[in-house]
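Here is how names work: the chains are called A, B, and so on, in the same order as the sequence lines, proteins then strands, and each is numbered from 1.
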Number of protein chains: 2
Amino acid sequence: MSSDTEPAATEARRRSSTRSVTLRDVAQRAGVSSQTVSRVLRIPDEVAPHTRARVEAAVRECGYVPNLAARNLASNRSRIVATVIPSLSASVFSETLTGLSAVLASEGYQVLLGYTDYDDEREEQLIRSLLGRRPDGFFMTGVIHREAVVTMLRASDVPVVETWDWTDTPIDALVGFSNEDAMYEMVSFLHGAGYRAPCFVGSLVHGDHRSRRRLDGYLRAAETYWPGTEPRVIDASEHPLSLESGGPLLELAGRLHPEADVLVFATDIYANGALLAAQSRGIRVPEDIAVTGFGDFELSRLLGPGLTTVALPNQSIGREAAALLLDRMRGTEPPSRDVDLGFEIRRRGSA
Amino acid sequence: MSSDTEPAATEARRRSSTRSVTLRDVAQRAGVSSQTVSRVLRIPDEVAPHTRARVEAAVRECGYVPNLAARNLASNRSRIVATVIPSLSASVFSETLTGLSAVLASEGYQVLLGYTDYDDEREEQLIRSLLGRRPDGFFMTGVIHREAVVTMLRASDVPVVETWDWTDTPIDALVGFSNEDAMYEMVSFLHGAGYRAPCFVGSLVHGDHRSRRRLDGYLRAAETYWPGTEPRVIDASEHPLSLESGGPLLELAGRLHPEADVLVFATDIYANGALLAAQSRGIRVPEDIAVTGFGDFELSRLLGPGLTTVALPNQSIGREAAALLLDRMRGTEPPSRDVDLGFEIRRRGSA
DNA sequence: CCCAGGAATGTTAGCGCTATCGGCAGCGCT
DNA sequence: AGCGCTGCCGATAGCGCTAACATTCCTGGG
């Protein structure tokens, strides 16, 4: 059955003794050249049916698993999409990720994940190391990056999608919405609803650039609706991004700006935390103080009065970005390189 | 400066025109052999200081990023740890993942993530595809897998750590706790606290084997404390794993087992959802019905009366598993291949 | 003053795969 | 009969890197 088609197949296998089954092993077993086995795996239509059947049997018998590192090297394509997100625990991104990988997986791409913990230094290191795998595409969270990051990505000539924000100068492609406009509209809504003393609460330093954008929107709105007055702002960057921080922040706001009638949080996490804290301390929302969030988490519509917040296209960011990347990776030009998915003010009981 | 040390460096670069900077490009620039550049990158101590400095400068000037696929192929090591988790949205695993990748990253390993959505078929496909990257280690969630999965992993000769459960026959190594014992103890606690009509609520079919183990523990406890009586069990597998399912499940339990005095949920997600639903419907917990969970999420200690639940070693599972894998990957034998991290009944207001 | 022995660097031969081209049947057409 | 053409398969030459060995140069002890 196994003729000696392949030469040099004598007693090779030097370096490591425990290397796994290779194309050649399968080829020998099937009595064909390794090239044919490779074809069966990648373009089966170009192989005669009975040869194909024999090869497929051999593959199964050997338990052959193609070595993708070798495949990458030879083909100059990795079928990897490098994905940079700030954090895993913020469950927002997990939805985006789910959308992304669902679409990509259907086309045979794998997601290689890295997180930055909202730290620009780590982002740079991360991207350097991800670049080493020669990904076919890059999914980035945010549009604000170090100069070195932009340079590296540009130089690598890899399709890049930035997401979760908006800019006029994307590295390559863009799928998101304007954090600034969203916050502006939230304040507009509050103004329309009769609130007169809003107080922004969000992380300002750190590497959380999206929170910063929301502040910008808040400040612009404050200038529009209450010109000349000092806008109320509380920096939450000392508090970890968790529900638990809601209590301390609620208290802090009460101390620094007791006159505020609505707390405008930069994220649902803090806002929901504040709702929970208010509940356990007997503070009534929205009677004593109103609260708004940003993100529309699941918890936000189930908690107490329901959180008034901004709903974001979590899932669709992932799906749209994947579609866009697929186009770019195939070399076809997508309908548009900038996709604005918008947002929606979700009005509930808390404000 | 750049002598013609390397031969065959004429006008190579055939196949693809856009290939990136290689070792050889750097070597030419620095006037050394590519081997020396490789050494500077991996074992700088073996290179003379002034050569090293020159090479490092060249690396920077070229913006060189090593091709890890090529490195893998040549060295037979990928510095990748393949990681299989059921889902991203269940935030429990994100803590484990954080612990895992923190420890691994410090040793230069990257995490390649895949999720199964609690589906055995997808787990098998996933592992096949992950195996293609020739990971140096495998992190698995759960201890129950298809025969094919066990065979593949055993054959691949890669260190494997199974987690989040317990078994006497691990594939290789094990870091976890007994879901069964944990649920048994929870019921013991409830029995001791005077409850007499518990009702288990959890997903039974699907591929969620850990939920199944918890049921086993429940049944064993029921047999111990209320022998001869039919244990109350509700299958939640029709309901998505989200807070929102808490309401419907609460209602279902009330209809099927109105006599139950405590609902024993297999996960905090359902339990917290039920707490939220009870709150909005005016059902008092624990007076009208008591509730327990499993997992001790952040929300669980902030919500209403506080959820009585089982605290699990989320983070340490990741850290311990990483440490164990590192040992195995280095070829050193870890202190023990089976690590039981235990659990803890967290008593709060809900039961 | 010579040579053993180590430090520093270079040379060679792959790792497992794919791109590319070349060869050889078998077909229909003039 | 001869021509090209298509379908199928094999041989060859790398992809960018590292392991293993070879070579060169320098040091110091006899």
(request) For residues 58-76 of chain B, pull every pair meeting salt bridge (Lys or Arg N to Asp or Glu O under 4.0 Å), keeping only residues two or more places apart or in separate chains. (result) B/Arg29-B/Glu61
(message) Quick check on the helix from C/dC1-D/dG30 to C/dT30-D/dA1: what's the angle between its two end axes, five base pairs per end, to the nearest 10°?
(response) 50°
Which residues pass the side chain to side chain donor-acceptor pair (under 3.5 Å) test with [X], not counting sequence neighbours?
| X | answer |
| --- | --- |
| B/Glu56 | none |
| B/Tyr64 | none |
| A/Arg52 | none |

Kindly list each side-chain donor-acceptor pair under 3.5 angstrom involving residues 146-153 of chain B, sequence neighbours excluded, with atom names and distances?
unit_1   : atom_1 : unit_2   : atom_2 : d
B/Arg146 : NH1    : B/Glu121 : OE1    : 2.9
B/Arg146 : NH1    : B/Glu124 : OE1    : 2.8
B/Arg146 : NH2    : B/Glu121 : OE1    : 3.1
B/Thr151 : OG1    : B/Glu147 : O      : 2.8

Pairs under 3.5 angstrom only: tabulate donor-acceptor contacts from the side chains of residues 320-332 of chain B to other protein residues two or more places apart or in another chain.
unit_1   : atom_1 : unit_2   : atom_2 : d
B/Asp327 : OD1    : B/Thr332 : OG1    : 3.1
B/Arg328 : NE     : B/Asp172 : OD2    : 3.3
B/Arg328 : NH2    : B/Asp172 : OD1    : 3.1
B/Arg328 : NH2    : B/Asp172 : OD2    : 2.9
B/Thr332 : OG1    : B/Asp327 : O      : 3.2

(request) Please list residues of residues 64-72 of chain B whose heavy atoms come under 4.0 Å from any atom in DNA chain C, ordered by number; otherwise none. (result) none
(request) Identify, with sequence neighbours excluded, every residue that meets salt bridge (Lys or Arg N to Asp or Glu O under 4.0 Å) alongside B/Arg122. (result) B/Asp117
(request) List for me each residue that meets side chain to side chain contact (heavy atoms under 4.5 Å, CB included) alongside B/Thr83, sequence neighbours excluded, and say none if there are none. (result) B/Val81, B/Ile85, B/Leu97, B/Leu100, B/Val111, B/Leu113, B/Phe139
(request) Report the residues that fulfil side chain to side chain contact (heavy atoms under 4.5 Å, CB included) with B/Leu112, sequence neighbours left out, ordered by chain and then residue number. (result) A/Gln110, A/Leu112, B/Ile80, B/Leu130, B/Arg133
What are the atom names and distances for every N/O pair under 3.5 Å that joins the protein to nucleotides 7-9 of chain C?
unit_1 : atom_1 : unit_2  : atom_2 : d
C/dT9  : OP1    : B/Thr51 : OG1    : 2.4
C/dT9  : OP2    : B/Ala48 : N      : 2.8

